[in-house]
Amino acid sequence: MTLILDPDDPAGWREAPAAASGPHAASDRLTDGLNPQQREAVEYRGPALLIVAGAGSGKTRVLTHRIASLIDRREAWPSQILAITFTNKAAAEMRERVQALLGDSASGMWISTFHSACVRILRREAEAIGLSSTFTIYDSADTRTILKRIIKELDADTMGFTPAGAQSKISKLKNELSDVETYARNANTNDPHEVMFLEIFRQYTRRLRDASALDFDDLIAETVYLFRAFPKVAALYQRRFRHLLVDEYQDTNHAQYALIHELTRPVDPMIVAELDAHGVLVQGMTDASGAIPGASLTVVGDSDQSIYAFRGADIRNISEFERDFPGAKVVLLEQNYRSTQNILSAANAVISHNFDRKDKKLWTADGDGEKITGYTGYTAHDEAQFVADEIEVLHRAGVAYRDIAVFYRTNAQTRALEEIFVRSALPYRVVGGTKFYERAEIKDAMAYLIAVANPLDELALRRILNTPKRGIGPATETALASFGEQNALTFRQAMRAADGLGLGPKVTGAITKLANVLDEAAAMLVPNAEAIAAGTNEGAAKVSDVLAFLLDRSGLLETLRNSRDPQDETRAENVEELLAQTKDFDRENPGATLVDFLTQVSLVAAADELDDASGTVSLMTLHTAKGLEYHAVFLTGIEEGLLPHQMSATEPGGPAEERRLFYVGITRARKRLYLSLAMSRAQFGEVAVAMPSRYLQEIPEDLIDWKQSPGMATSRGGTQPRALNARRGPGQGGAGGGAWGTRDRDLDRFSVMKSAAPKAEWANKVTGTVRDNGDLTLEAGDRIRHTDFGEGRVMQVTGEGTKRIAHVAFDTAGQKKLLIKIAPIEKL
DNA sequence: CGGTGAAAGTTTTTT
DNA sequence: ACTTTCACCG
């Protein structure tokens, strides 16, 4: 019998399993079915490993098998593993897969995003850096609100400062690990603009500190500062995590890179001795010199999928990995197990136009598959109708809605898609976009919870001060703030002392009442004495009980329910939904605290809300789509100005990054890929002419089957199919001067067409029209007329009440499903 | 202090 | 086109 010590297992000692299921049998099980490169990536052992994993090359499989093999062969305890993923959902999935491979709970592993891991470390070590362990995490909107106030107070807007501008500059600096003081040292004090920015940055930093709050960028940067300033604290984590694995390494920024370096640093013999003296187990972990060697580092990434430069991601982190970590092993995964060869060929062709990259070609052994389908609509609605129709065709052919996704470059593009999807009775879900937690009423309810959890958070307090309306206006708010300042009180303390402010009795009463409600809620959260001693949360009220109490006593829910604004009904429902979510949280996380709940909410990513079980089509941005895959993928709005986006044109490396975005989108598809665009697109209410994206020309002509090519769509009557990549004549074939010639020329062509074509020529375009049909009843056999599709016969009616759906065979437009309640139809 | 109407800005991607 | 913010009056 072998006993192996897990230094961080609370039980201390564990019995190692008998040899029968020991290392050898396990290693076979964990590498069976892997290709030689994948196997090498699982089995290599050394200080640094870079896995260059093309899209769909099985990198998640390699990562999970690598972790499982480390644990299974007794090379590491679960608690010695730190794996960083891009989303919480990916983390949960990875944990599940590792546990399935091990057939055992692998608790103690840290598998999380950079942000979650840092929050966990920071809450634990908060005191060291003078932060409350209940610190609030500010999102972009919170950050903007604060900057807006600062800019207004400093009159900085007259110098051209905007909250958004300052926000992005501060974020960039923090991602480069430059704090206010570092910035101040290098600032040019002769430049009034720079002096003003410094002042904004200073005040911003001070306000967050006063509120015991951190923004997203601080989470990473503060952890790095913590480790640098307190080597002994760092040593605890350096000693604990023996294996660090980082996914999506191409999208790490400088701060994250620095964090990885801190975590993989060896522990100096002197500090090892100190740890030993403090009873931290170091025995058997040191090398000959008495140091604990640095943790092994595995990074996985694909520079062709780097799409977060705007967030500070530095592609050099991956391209220069071998220089950063001399002696690093590099494994290349090029065989694709996801897509058909046609899809891969298109992806390869597009990405090969990015220069300055290592050549890498995805290939599959699974055959060409079907051609890519292309479509050019007249308008965004026309394009959306194409997408809806094709989804129905797929669905009738047996493809589940959940296996279909629609991608787009900007969130604004969802509008036309949603309008058509609703009308077509197509079940869909928008992933990300205006998130649930960003709704005003949810932020209000959350602010109550935050104010209870972190009494220092002035932003949350000010938010709820007059929500719901209780007669506390801006004047009173300012009075409270200055009263607090004069008497060295926090805003919350000032509220408690409102009696001495000499305000009107009504206002004073309202403030005192709110302060009491918050105090009472805070009291509910205190665990009982024994629990405090034991460090548990026993006796504290559940999150849902606290929220229910706050909603009731503040009157927030009641006000929404009694309002005569019809939208408030939905808002009340949303708040009730939040309450239901806290109940779920309490059930799923017994013993978890309010702060745990707030942390989880702060760090949910768009991709985290994906519900695999839902039978709906998923709509999302190309950024959100990273790391996902679907049977069928629709890439919409493949137009100049949208993809590549207008805003990227001036940024260095912009067009190349946009191309990678396109590449990411293409490679999400397993079997079917659809590319679509519109000839005109509404922006700011104005309709503008749109042009096919330059990236479309980069796909070999024979891979795309155009249902309606850009050439066909240019003239209404001219159905002359013109091949997309056809050369138009001599002198047009040069690099960059492809099928559409120069941009100006095309603009001319379109504008001529537009003025020459009267409105009637666009008659067949699909609009987003809806109408309220009341309780119009239809039955099979009825003939109807549709604004966009003309006349047709009802074949079948399904569904109930407002969700009744007519299945109609149109005389010319084909078969469609329509939501009877709102479709623009009339019975003939 | 709160409600109404005008005015302005909005749309690049996100933890 | 649509939402959010500002200015003024009751």
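These numbers come from a predicted model, not from an experiment. Chain letters run A, B, ... following the sequence lines, proteins first and then strands; every chain starts at 1. Note that these values count all heavy atoms, side chains included, but never hydrogens, waters or copies made by symmetry.
As judged by a 4.0 angstrom heavy-atom cut-off over every strand, A:K148 is placed among residues touching the sugar-phosphate backbone only. When heavy atoms are screened at a 4.0 angstrom cut-off, A:S140 is found touching base atoms of the nucleic acid. Across all strands shown, A:A682 has no heavy atoms under 4.0 Å from either base or sugar-phosphate atoms.
Between A:H623 atom NE2 and B:dT12 atom C1' the separation is 8 Å, expressed in whole Å. Rounded to whole Å, atom C1' of B:dT15 lies 14 Å from atom CG of A:L214. Put simply, CD on A:Q600 is 15 Å from C1' on B:dT15, counting in whole angstrom units. Counting to the nearest Å, the C1' atom of B:dT15 and the CD atom of A:E248 are 13 Å from each other. Rounded to whole Å, the distance from NZ on A:K626 to C1' on B:dT15 is 11 Å. Put simply, CG on A:L628 is 15 Å from C1' on B:dT13, counting in whole angstrom units. Rounding to whole angstrom units, CZ of residue A:R144 and C1' of B:dG9 are separated by 12 Å. When rounded to the nearest whole Å, the span between CD of A:Q167 and P of B:dT12 equals 14 Å.
In this structure, A:H623 and A:F310 have perpendicular ring planes: the angle between them is above 60°, well past the 30° mark.
Side chain A:H645 to base B:dT12: no donor-acceptor pair is found below 3.5 Å.
Separation of the A:F407 and A:F634 ring centroids does not fall under the 6.0 Å cut-off.
Of the side-chain N and O atoms in A:N411, one or more sit less than 4.0 angstrom from OP1 or OP2 of B:dT14. Between A:N466 and B:dC1 there is no side-chain N or O to OP1 or OP2 distance below 4.0 Å. Close to B:dT14, at under 4.0 Å from its OP1 or OP2, lies a side-chain N or O of A:T624. Between A:T621 and the phosphate of B:dT12, there is no side-chain N or O to OP1/OP2 separation shorter than 4.0 Å.
Under the 6.0 Å distance and 45° angle rule, A:R311 counts as a cation-pi partner of A:Y308. Cation-pi geometry between A:K443 and A:Y437 is not met at under 6.0 angstrom from the ring centre and within 45 degrees of the axis.
Straight-line distance between the P atoms of B:dT11 and C:dC6: roughly 16 Å, to the nearest whole Å.
Of the two residues near DNA chain B, A:S602 and A:E477, the one whose nearest nucleotide lies more 5' is A:E477. When each of A:D217 and A:E658 is assigned the nucleotide of DNA chain B with its nearest heavy atom, A:E658 is the one assigned upstream, toward the 5' end.
In this structure, of C:dC2, B:dT13, B:dT15, it is B:dT13 that holds the atom nearest to the side chain of A:R409. Checking B:dC1, B:dT15, B:dT13 against the side-chain heavy atoms of A:F310 singles out B:dT13 as nearest.
The aromatic ring of A:Y308 is not stacked on the base of B:dT13, since the criterion of ring centres less than 5.5 Å apart with planes inclined by under 30° is not met.
Using a 3.5 Å distance cut-off with no hydrogens or angles, the side chains of A:Q413 and A:T410 do pair a donor with an acceptor.
Using modelled atom types, no side-chain atom of A:D596 and backbone atom of A:A592 make a donor-acceptor pair closer than 3.5 Å.
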